[in-house]
Amino acid sequence: MKAYPDFTDSELITLICEGNENAFTEIYNRYWKQVLYYAVQKTGDMTAAEDIVQDVFVSLWKRREQLEIKSEFKNYLIVSIKYRVLKFLNRERIKRLAEESNGLTYDLLDDSTQQYLDFDELRSALEDMICKLPEKSALIYRMNKDEGRSHREIAYEMGMSEKAVNSNLVRTKKILRAGLHTFLFGFLL
């Protein structure tokens, strides 16, 4: 019989479903450091991250008989950790809001998760607008903003004059500004 380190993740999961504690130990040893690192990065709190990782593995063992993992096990773990991290961050946010509303503390609420989500939504809206631009305008804009190329470099590569590149960028920025203004107006209401 193979040694546990020689088993694939899916073979170990099958053994875990049958109640094999050694297979569980192998899976745990294989992934706990990676998921702990991920949880610490997302929470910024080692104790909370350790609790999250422990909860995920305890839950995995408790639900072993009903376990159905369709993707790679590592992806399954990351998604489980993400879910628990979001729950943790939400609990922390609610706790801070409650303290603030009770007058226990009054400091600026660090709502970095919400800010990230808002920024991500704004970035997504901008990307949608860029995709709707004519192909040439989108390409010129991306070369300038994403790649940091000068008007001269873009003009040379596109076979255009610098003046044409400049006017194209001015037009494109006006279109994007108007679209973002509309998005932000609707977003802030």
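Any value given below was found using the heavy atoms of this structure, including those in side chains, with hydrogens, waters and symmetry copies removed. Given the structure is predicted, the values throughout are model-derived calculations rather than measurements. Residues take their numbers from the sequence shown, with the count starting at 1.
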Taking C-beta and beyond as the side chain, do K174 and R171 meet within less than 4.5 Å on heavy atoms?
no
For the hydrophobic clusters of this structure (ILVMFWY residues joined by side-chain heavy atoms under 4.5 Å, transitively), does one cluster hold both I13 and W61?
yes
Do S59 and D55 meet the criterion of a side-chain donor-acceptor pair at a distance under 3.5 Å?
no
Check: Y141/N168 side-chain N/O donor and acceptor closer than 3.5 Å
no
Checking the side chain of E153 only, and the main-chain atoms of S150 only, is there a donor and an acceptor separated by less than 3.5 Å?
yes
Consider only side-chain heavy atoms of I, L, V, M, F, W and Y, link residues closer than 4.5 Å, and tell whether V85 and M46 are in one cluster.
yes
Does the pair M158 and L139 meet the rule for a side chain to side chain contact (heavy atoms under 4.5 Å, CB included), with working shown?
CA-CA 9 Å; M158 299 288 291; L139 182 60; 3.7 Å; yes
I154 and I140 have their tightest heavy-atom pair at CD1-O, 3.9 Å
Verdict with supporting geometry, K74 and Y31, side chain to side chain contact (heavy atoms under 4.5 Å, CB included):
CA-CA 8 Å; K74 183 177 179 180; Y31 290 107; 3.8 Å; yes
How close do N166 and H151 get, heavy atom to heavy atom, and via which atoms?
OD1-CE1, 3.1 Å
For a salt bridge (Lys or Arg N to Asp or Glu O under 4.0 Å) check, start with the C-alpha distance between E157 and R149, then their side-chain angles and the critical distance, and finish with the verdict.
CA-CA 10 Å; E157 192 165 323; R149 294 190 190 186; 2.2 Å; yes
So, do D51 and F88 sit near enough that their side-chain heavy atoms are less than 4.5 Å apart?
no
Does I78 reach the side chain of K82, with side-chain heavy atoms less than 4.5 Å apart?
yes
Are Y156 and M143 connected in a single hydrophobic cluster, I mean Ile/Leu/Val/Met/Phe/Trp/Tyr linked by side-chain heavy atoms less than 4.5 Å apart?
no
Dump the intermediate steps for side chain to side chain contact (heavy atoms under 4.5 Å, CB included) on Y38 and L77, then the final yes or no.
CA-CA 11 Å; Y38 179 80; L77 273 180; over 6 Å; no
T8 and L12: CA distance, side-chain angles, deciding distance, side chain to side chain contact (heavy atoms under 4.5 Å, CB included) verdict:
CA-CA 6 Å; T8 65; L12 289 170; over 6 Å; no
Spacing of CG belonging to L169 relative to OG belonging to S137, to within rounding of 0.5 Å:
8.5 Å
Side-chain contact test, heavy atoms from C-beta onward, threshold under 4.5 Å: evaluate it for M129 versus L133 and give yes or no.
no
Smallest separation among heavy atoms of I130 and A138, with atom names
O-CB, 3.6 Å
Quick one: pull up CZ in R93 and CG in L86 and give me the separation to the nearest 0.5 Å.
12.0 Å
Show the nearest heavy-atom pair for residues S80 and V56, with the distance to one decimal.
CB-CG1, 3.9 Å
Are more than 12 heavy atoms from other residues, nucleotides or ligands located less than 6.0 Å from atom CD of E127?
yes
Give, for atom CG of N144 and atom NZ of K173, the distance between the pair rounded to the nearest 0.5 Å.
5.5 Å
Would you give the length of the straight line joining atom CG of N22 to atom CD1 of I27, rounded to the nearest 0.5 angstrom?
13.0 Å
Tell me whether Q41 at atom CD has more than 12 heavy atoms from other residues, nucleotides or ligands lying less than 6.0 Å away.
yes
Locate the shortest heavy-atom distance separating L89 from K42; write the atom from each residue and the value.
CD1-O, 4.1 Å
Does the side chain of E26 come within less than 4.5 Å of P5's, by heavy atoms?
yes
With clusters defined by side-chain heavy atoms of hydrophobic residues (ILVMFWY) lying less than 4.5 Å apart, directly or transitively, does Y83 cluster with W32?
no
One pair to check against side chain to side chain donor-acceptor pair (under 3.5 Å): E72 and Y76. What are the steps and the verdict?
CA-CA 6 Å; E72 284 186 46; Y76 172 84; over 6 Å; no
Closest non-hydrogen atom pair, R142 against C131
NH2-SG, 3.9 Å
Is it true that R30 and D9 have a side-chain N and a carboxylate O under 4.0 angstrom from each other?
yes
Kindly determine whether R96 and E92 satisfy salt bridge (Lys or Arg N to Asp or Glu O under 4.0 Å), including the steps that lead there.
CA-CA 6 Å; R96 283 194 304 260; E92 291 298 302; 5.0 Å; no
Looking only at atom types and distance, does a side-chain atom of N29 sit under 3.5 Å from a main-chain N or O of T25, one as donor and one as acceptor?
yes
What's the separation between atom CG in N20 and atom CZ in F7, rounded to the nearest 0.5 Å?
8.0 Å
Any side-chain heavy-atom pair from L60 and Y28 closer than 4.5 angstrom?
no
